[in-house]
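Read through the structure below, which is laid out as structure tokens, and then see the notes.
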Amino acid sequence: MKRNAFFARGKQRAVVACAAASVLALVTAYRSDAQPAAEVSAADRVVELVNAERANAGCGAVAVDGRAQSAAQSHADDMAARDYYDHVSPEGRDAGDRLDAAGYPWHRVAENIHKGPSSPEDAMRDWMNSPAHRANILDCELRDLGVGVNSGGSGPFWVQVFATP
């Protein structure tokens with residue numbers, strides 16, 4: 001009888017151990033499926049910094065426009081892939097041409113580019129210390145923004161495309 005009682009207690013221990021393992025597996029799976037707080041992308045951080053500067057200057061916030069975003073990212077990618085650094089591509093395409101290609105019916109456009117900074121904060125600091133770039137950021141008439149970042153090539157390459165339809 002003692003042996004059967006021991007076996008029964010052993011069986012209970014095994015059931016408890018299996019149940020504990022199952023709970024642990026569920027908790028582990030839940031934790032691995034749960035996403036940590038979303039990390040802000042470099043491009044999103046630039047937008048945050050632009051809007052903070054604009055608010056300090058009394059301008060309204062710019063809105064991220066997908067077409068302007070596409071134009072900015074395509075220029076950052078192109079400069080990284082072909083290792084040039086200019087507002088105008090080797091074929092002569094500028095920010096307006098890139099916005100046209102992205103389907104944005106622009107009336108006004110401005111573009112800031114930068115090469116080398118490792119963080120959005122460094123890129124924004126440099127742009128704000130440049131009178132021409134600062135003027136683009138703080139132009140209250142520009143209402144949409146796209147930001148492109150590419151860390152490849154000899155970059156990172158940073159592009160801001162401001163526009164108004």
Worksheet item: When you look at R98 and V161, which way does the side chain to side chain contact (heavy atoms under 4.5 Å, CB included) test go after all the steps?
Response: CA-CA 10 Å; R98 289 185 284 276; V161 175; 5.8 Å; no
Worksheet item: Do the side-chain N and O atoms of D44 and S41 include a donor-acceptor pair separated by under 3.5 angstrom?
Response: yes
Worksheet item: Is the backbone N or O of G60 less than 3.5 Å from a side-chain atom of R54, with the two atoms forming a donor-acceptor pair by type?
Response: yes
Discussion item. How close do R82 and S89 get, counting heavy atoms only, and between which atoms?
Written reply: NH2-CB, 4.1 Å
Worksheet item: Between E53 and R125, is the closest basic N to carboxylate O distance under 4.0 Å?
Response: no
Worksheet item: Between D144 and V62, is there a donor-acceptor pair closer than 3.5 Å when you use the side chain of the first and the backbone of the second?
Response: no
Worksheet item: Under 3.5 Å, side chain of H75 to main-chain N/O of D86, donor-acceptor pair present?
Response: yes
Worksheet item: Does the side chain to side chain contact (heavy atoms under 4.5 Å, CB included) test come out yes or no for E121 and R45, once each step is laid out?
Response: CA-CA 8 Å; E121 291 78 12; R45 180 67 179 138; 2.7 Å; yes
Worksheet item: D78 side chain to S74 main-chain N or O, any donor-acceptor pair under 3.5 Å?
Response: no
Discussion item. Could you check whether any side-chain N or O of S70 sits under 3.5 Å from a backbone N or O of G66, counting only pairs where one atom can act as donor and the other as acceptor?
Written reply: no
Item to complete: Could you tell me whether the side chain of D100 reaches within less than 4.5 Å of the side chain of W106, counting heavy atoms only?
Response: yes
Discussion item. I need the minimum non-hydrogen distance between P165 and R143, along with the two atoms involved.
Written reply: CG-NH2, 3.4 Å
Discussion item. So P117 and D126, do their side chains get closer than 4.5 Å, heavy atoms only?
Written reply: yes
Discussion item. Please give me the minimum heavy-atom distance between G146 and A72, naming the atom from each residue.
Written reply: O-CB, 3.5 Å
Discussion item. Using 30° and 60° as the class boundaries, would you call the ring planes of W158 and W127 parallel, tilted or perpendicular?
Written reply: perpendicular
Fill in: Any donor-acceptor N/O pair, Q73 side chain to V149 backbone, under 3.5 Å
yes
Worksheet item: Do you reckon V109 sits in the same ILVMFWY cluster as I137, going by side-chain contacts under 4.5 Å, direct or chained?
Response: no
Item to complete: Carefully, step by step, assess D122 and S119 under the rule side chain to side chain donor-acceptor pair (under 3.5 Å).
Response: CA-CA 5 Å; D122 290 344; S119 73; 3.3 Å; yes
Worksheet item: When rounded to the nearest 0.5 angstrom, what distance separates CE in M124 from CD in E48?
Response: 11.0 Å
Worksheet item: Is there a donor-acceptor pair under 3.5 Å between the side chain of T164 and the backbone N or O of R108?
Response: no
Worksheet item: In terms of hydrophobic clustering (I, L, V, M, F, W, Y; side-chain heavy atoms under 4.5 Å; direct or indirect links), are L99 and V64 co-clustered?
Response: no
Worksheet, complete the sentence: Heavy atoms of A61 and N51 approach each other most closely as CA-OD1, 3.1 Å
Worksheet item: CG/D139 to SG/C59 distance, rounded to the nearest 0.5 angstrom?
Response: 7.5 Å
Practice prompt. Taking the side chain as every heavy atom from C-beta outward, state whether S154 and Y85 have any atom pair closer than 4.5 Å.
Written response: no
Practice prompt. Report yes if some heavy atom in the side chain of V159 is under 4.5 Å from a heavy atom in the side chain of I113; otherwise report no.
Written response: yes
Discussion item. Has R93 got a side-chain atom pairing as donor or acceptor with V88's backbone, closer than 3.5 angstrom?
Written reply: no
Fill in: side chain to side chain donor-acceptor pair (under 3.5 Å) evaluation trace for D94 with H87
CA-CA 6 Å; D94 63 16; H87 289 281; over 6 Å; no
Item to complete: Could you pull out the closest heavy-atom pair between F157 and G152, with the gap in Å?
Response: CE1-O, 3.7 Å
Fill in: Flag side-chain contact, heavy atom, 4.5 Å: N136 against Q160
no
Worksheet, complete the sentence: What one should report as the nearest heavy-atom pair of P105 and R67 is CD-NH1, 3.6 Å
Worksheet item: When you check the side-chain N and O atoms of Q69 and D65, is any donor under 3.5 Å from an acceptor?
Response: no
